Amino acid sequence: MKIDIRAIGFSLTDSLERQVVAGLERVLRRGDPTLRRIQVRLRDVNGPRGGADKRCSLRVDYAGREVLAVSRTHADLYAAISMATEAVSRNRDDRSRRVRDARRRLS
């Protein structure tokens with residue numbers, strides 16, 4: 001799994017990078033042959049003005065399937081990362097369930 005992590009408007013720290021990788025490894029299946037690439041974009045939306053403005057955007061590319069994209073915003077960037085990775089997990093599980101159900105209906 002190739003993970004491309006970029007911080008926009010600030011420096012990417014080792015701690016942030018570890019948080020992203022750990023979250024993705026926790027929710028995505030290791031060795032999934034259809035998983036091609038994950039793009040992670042971390043942003044401070046409002047800059048120095050403050051507020052709930054830290055955004056984590058994830059784009060998960062699977063071979064032969066549509067792209068899964070989620071974005072979560074929170075005052076704490078670590079919380080935004082956790083929320084985004086959990087959303088990827090829920091969306092992936094929902095899609096897998098729909099595919100299974102469709103296959104059952106066809107057989």
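For reference, positions follow the sequence shown, starting with 1. From a predicted model like this one, the values you see are computed outputs, not experimental measurements.
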Treating Ile, Leu, Val, Met, Phe, Trp and Tyr as nodes and any side-chain heavy-atom pair under 4.5 angstrom as an edge, say whether [X] and [Y] lie in one connected cluster.
{"X": "Ile8", "Y": "Val20", "value": "no"}
{"X": "Leu35", "Y": "Val40", "value": "yes"}
{"X": "Val27", "Y": "Leu77", "value": "yes"}
{"X": "Leu58", "Y": "Ile5", "value": "yes"}
{"X": "Leu12", "Y": "Ile38", "value": "yes"}

Open item on the list: Are Ile81 and Leu16 packed together at the side-chain level, in the sense that at least one heavy-atom pair is separated by less than 4.5 angstrom?
Closed with: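 The answer is yes; the side chains approach within 4.5 Å.
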
Open item on the list: With a 4.5 Å cut-off on side-chain heavy atoms, are Gln19 and Ser82 touching?
Closed with: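 SC-SC contact between Ser82 and Gln19 confirmed.
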
TODO: Could I get the full list of salt bridge (charged side-chain N to carboxylate O under 4.0 Å, His left out) partners for Asp61, not counting sequence neighbours?
DONE: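 Expected list: Arg59.
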
TODO: Would you kindly say whether Gln39 and Ser57 are connected by a side-chain donor-acceptor distance under 3.5 Å?
DONE: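 Ser57 and Gln39 do not have a side-chain donor-acceptor pair below 3.5 Å.
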
TODO: Using the test side chain to side chain donor-acceptor pair (under 3.5 Å), find all partners of Arg6 that sit at least two apart in sequence or belong to another chain.
DONE: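 For Arg6, the residues satisfying side chain to side chain donor-acceptor pair (under 3.5 Å) (neighbours in sequence not counted) are Asp4.
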
Open item on the list: Under 4.0 Å between a side-chain nitrogen and a carboxylate oxygen: does that hold for Arg18 and Glu25?
Closed with: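 No, this pair does not count.
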
Open item on the list: To check you understand the geometry: which heavy-atom pair defines the closest contact between Arg26 and Thr85, and what is its length?
Closed with: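 Nearest heavy atoms, Arg26 then Thr85: NH2-OG1, 3.8 Å.
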
Task: Heavy-atom closest contact (Lys54 atom, Ala75 atom, distance) - done: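 Heavy atoms only, the tightest pair is CG-O, 3.3 Å.
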
